[in-house]
**Q** 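Encoded as structure tokens, here's the structure I'll be asking about.
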Amino acid sequence: MERFQLCNLSVGKGEKVQGYLKLPFTEKDELPTTIIYGHEDGPTVLVDGGIHNAEYVGIHAMVGLAQELQPSDIRGILIIINIINVNGFKARTVSVAAEDGKNLNREFPGNPNGTYTEKLADFMVKELFSRIDYYIDVHNGDWFEDLSPFIYVVGNAPAETVRISEEMAKCADVPYYVKSTGKNGAYSYAGTMGIPSVLLERGCNGMWTEEEAKASRKDVRNILRYTGTLMTSRFGNDFQIQTPRLMPHAHYIDAENGGCWFPKKRAGQIISAGEVIGEIRDYFGNLKEQIVLNEDCIILYQTVSYSVPDHSPLVAYGHYSSCVEDVTVHEHNHQHDPHTATHDLEEMHEKGLWAES
């Protein structure tokens, strides 16, 4: 194959093309895309940011990655899309599309006759996922979240797909990885199609820094090396300081009562059993609820907004030892009474994005 065609964009061997990928269901929005076709045959890899449009670390990381990589660096074909939810990015919505208020990462496989977001998911499945061998999805915590860097891998996929996804995740310079059993997120649905896929999390609070974007780019480059896509030695400082370890037990705590939230810890902190990690107070400052964990753990991410609605997510935490209730780890449905985590962690991560799902 001497040329690669992706919708309206075409690239030949040894070429790099940057342009806007046209969407068939709208004339207003186009996706800023870079396609790099190396001189040698190899895998086709998709790397993107902006599935959630207000997660700026991932978006800025993609902008830099698209600028720095050249055909001489690549074996095979690398597709970089800086912003997938460009509609929401323009409107500055909080990680949902402005057209329909839906969270793209809960809408896969999509619907060609559905709403804007459902059509976008359908487009990604048919035009992107059908063409690729690996997928790297770059995210960060939303504006109301404090997050410690980690990486998700697909868990609801063929065994070999999961195995390769875990090896990809181990290339990231983060302390741990979490296996997701979701099906309707971008990377998790790609996994069900047999595409090894990971979702990188770094940054939070609606902020971004050059340091965080650089760290995410380094992680992506090292994952691309594992896939055999990145062949260059130009980035000699891509040393990996740590290898992430599987976090086998990951749980979410919901607020029973809404009110004003006072977190007492930070993401990445190690917590001892019995510690108070936060309080919910009423609008007069009276204590309504104390959040106490009943096992040693580490906080993966947490809500930091002052306002929390009833039954909304507060804290996600993980640990390596057996759960205090000794519930099967793979079910991710540990009953940590009085706070119950009943869903996959990655899906719960997005529960508070004010999106239809």
Side-chain angles (χ1 to χ4, degrees), residues 6 9 11 14-21 30-38 43-86 88-90 92 95 128 132 134-143 147 149-152 168-169 171-174 186-187 197-242:
L6 182 62
L9 299 179
V11 60
E15 293 180 355
K16 173 179 177 177
V17 169
Q18 293 189 297
Y20 287 90
L21 195 63
E30 301 171 314
L31 308 186
T33 300
T34 301
I35 307 175
I36 306 172
Y37 196 158
T44 299
V45 183
L46 171 64
V47 188
D48 65 33
I51 287 279
H52 294 137
N53 54 279
E55 297 184 2
Y56 301 127
V57 172
I59 295 170
H60 190 55
M62 294 304 96
V63 172
L65 192 72
Q67 288 178 327
E68 68 188 12
L69 293 180
Q70 303 300 327
S72 58
D73 301 319
I74 299 298
R75 176 174 167 266
I77 298 169
L78 178 63
I79 304 166
I80 303 170
I81 303 180
N82 300 351
I83 312 169
I84 295 288
N85 183 10
V86 70
F89 184 84
K90 294 175 183 176
R92 292 200 296 190
S95 290
L128 294 172
I132 63 174
Y134 302 94
Y135 180 29
I136 307 168
D137 190 14
V138 186
H139 286 235
N140 56 269
D142 220 296
W143 69 270
L147 180 143
F150 68 101
I151 190 166
Y152 286 111
M168 292 166 66
C171 298
D173 205 345
V174 295
Y187 88 107
S197 306
V198 294
L199 187 159
L200 178 64
E201 297 273 13
R202 179 182 280 108
C204 54
N205 298 139
M207 307 293 288
W208 65 274
T209 65
E210 290 288 353
E211 290 74 19
E212 289 168 323
K214 283 178 63 177
S216 289
R217 289 201 301 273
K218 184 186 83 168
D219 287 342
V220 171
R221 289 194 299 264
N222 281 333
I223 296 170
L224 290 174
R225 287 189 177 93
Y226 169 78
T227 68
T229 306
L230 188 65
M231 307 300 290
T232 185
S233 59
R234 288 200 299 123
F235 304 97
N237 59 345
D238 284 352
F239 297 110
Q240 187 177 0
I241 298 172
Q242 57 192 331

**Q** Between Trp208 and His60, what is the ring plane arrangement, given parallel below 30°, perpendicular above 60°, and tilted in between?
**A**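 The rings of Trp208 and His60 sit tilted, inter-plane angle from 30° to 60°.
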
**Q** Applying side-chain contact (heavy atoms from CB on, under 4.5 Å) to Ile35 and Lys16, what does each step give before you reach the verdict?
**A** CA-CA 6 Å; Ile35 307 175; Lys16 173 179 177 177; over 6 Å; no

**Q** To the nearest 0.5 Å, tell me how far Asn222 CG sits from Asp238 CG.
**A**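 Answer for the CG-CG pair, Asn222 versus Asp238, is 5.0 Å.
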
**Q** Any non-hydrogen side-chain atom of Pro32 less than 4.5 Å from a side-chain atom of Tyr20?
**A** yes

**Q** Could you tell me if the side chain of Leu6 sits less than 4.5 Å from the side chain of Leu128, heavy atoms only?
**A**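 Yes, at least one pair of side-chain atoms sits under 4.5 Å.
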
**Q** Got a sec, which pairs hit salt bridge (charged side-chain N to carboxylate O under 4.0 Å, His left out) with one end in residues 58-69, sequence neighbours left out?
**A** Glu68-Arg217, Glu68-Arg221

**Q** Quickly, which of Val45, Leu230, Ile80, Val47 forms a side chain to side chain contact (heavy atoms under 4.5 Å, CB included) with Val220? Name it, please.
**A** Val47

**Q** Can you give me the closest heavy-atom contact between Phe239 and Lys218, atom names plus distance?
**A**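 Taking every non-hydrogen atom into account, O-NZ, 2.9 Å.
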
**Q** For the atom pair CH2 (Trp143) and OH (Tyr56), what is the distance rounded to the nearest 0.5 Å?
**A**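 The CH2 atom of Trp143 sits 12.0 Å away from the OH atom of Tyr56.
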
**Q** Measuring from Leu78:CG to Thr44:OG1, what's the distance to the nearest 0.5 Å?
**A** 9.5 Å

**Q** Taking the side chain as everything from C-beta on, heavy atoms only, tell me whether Met62 gets closer than 4.5 Å to Ile81.
**A**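 Counting from C-beta outward, Met62 and Ile81 never come under 4.5 Å.
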
**Q** Could you measure the distance from the OG atom of Ser216 to the CD1 atom of Ile151? Nearest 0.5 Å is fine.
**A**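 Result: 9.5 Å between the selected atoms.
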
**Q** CG of Leu31 to CG of Leu9: how many Å apart, nearest 0.5 Å?
**A**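 So the CG of Leu31 and the CG of Leu9 are separated by 9.5 Å.
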
**Q** Taking Asp137 as the fixed residue, which of Val198, Ile51, Ile84 is the one that meets the side chain to side chain contact (heavy atoms under 4.5 Å, CB included) rule?
**A** Ile51

**Q** Could you tell me whether a side-chain N or O of Gln240 sits under 3.5 Å from a main-chain N or O of Ala172, the two making a donor and an acceptor?
**A** yes

**Q** Please evaluate residues Ile223 and Tyr134 with respect to the criterion side-chain contact (heavy atoms from CB on, under 4.5 Å), reporting the C-alpha separation (whole Å), side-chain torsions for both, the decisive distance (0.1 Å), and the verdict.
**A** CA-CA 10 Å; Ile223 296 170; Tyr134 302 94; over 6 Å; no

**Q** Please determine whether side-chain contact (heavy atoms from CB on, under 4.5 Å) holds for the pair Leu200 and Tyr187, giving the CA-CA distance in whole Å, both sets of side-chain angles, and the decisive distance to 0.1 Å.
**A** CA-CA 10 Å; Leu200 178 64; Tyr187 88 107; over 6 Å; no

**Q** According to side-chain hydrogen bond (donor to acceptor under 3.5 Å, both in side chains), does anything in residues 75-85 pair up with another residue at least two apart or in another chain? List the pairs.
**A**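 The answer is Asn53-Asn85.
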
**Q** Looking at every heavy atom in both Val57 and Gly203, which two are closest together, and how far apart are they?
**A** CG2-CA, 4.1 Å

**Q** Could you walk me through whether Glu55 and Asp142 pass side-chain contact (heavy atoms from CB on, under 4.5 Å), step by step?
**A** CA-CA 6 Å; Glu55 297 184 2; Asp142 220 296; 3.8 Å; yes

**Q** Asn140 side chain to Glu201 main-chain N or O, any donor-acceptor pair under 3.5 Å?
**A** no

**Q** Do you know the tightest heavy-atom contact between Thr227 and Pro43?
**A** O-CG, 3.5 Å

**Q** Check for a donor-acceptor pair, side chain of Asp173 on one end and backbone N or O of Ala215 on the other, with a separation under 3.5 Å.
**A** no

**Q** Please report the interatomic distance CD1(Ile136) to CG(Leu199), rounded to the nearest 0.5 Å.
**A**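 Result: 11.0 Å between the selected atoms.
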
**Q** Considering the options Arg202, Lys214, Arg225, which one meets the salt bridge (charged side-chain N to carboxylate O under 4.0 Å, His left out) requirement together with Asp219?
**A**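 The passing option is Arg202.
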
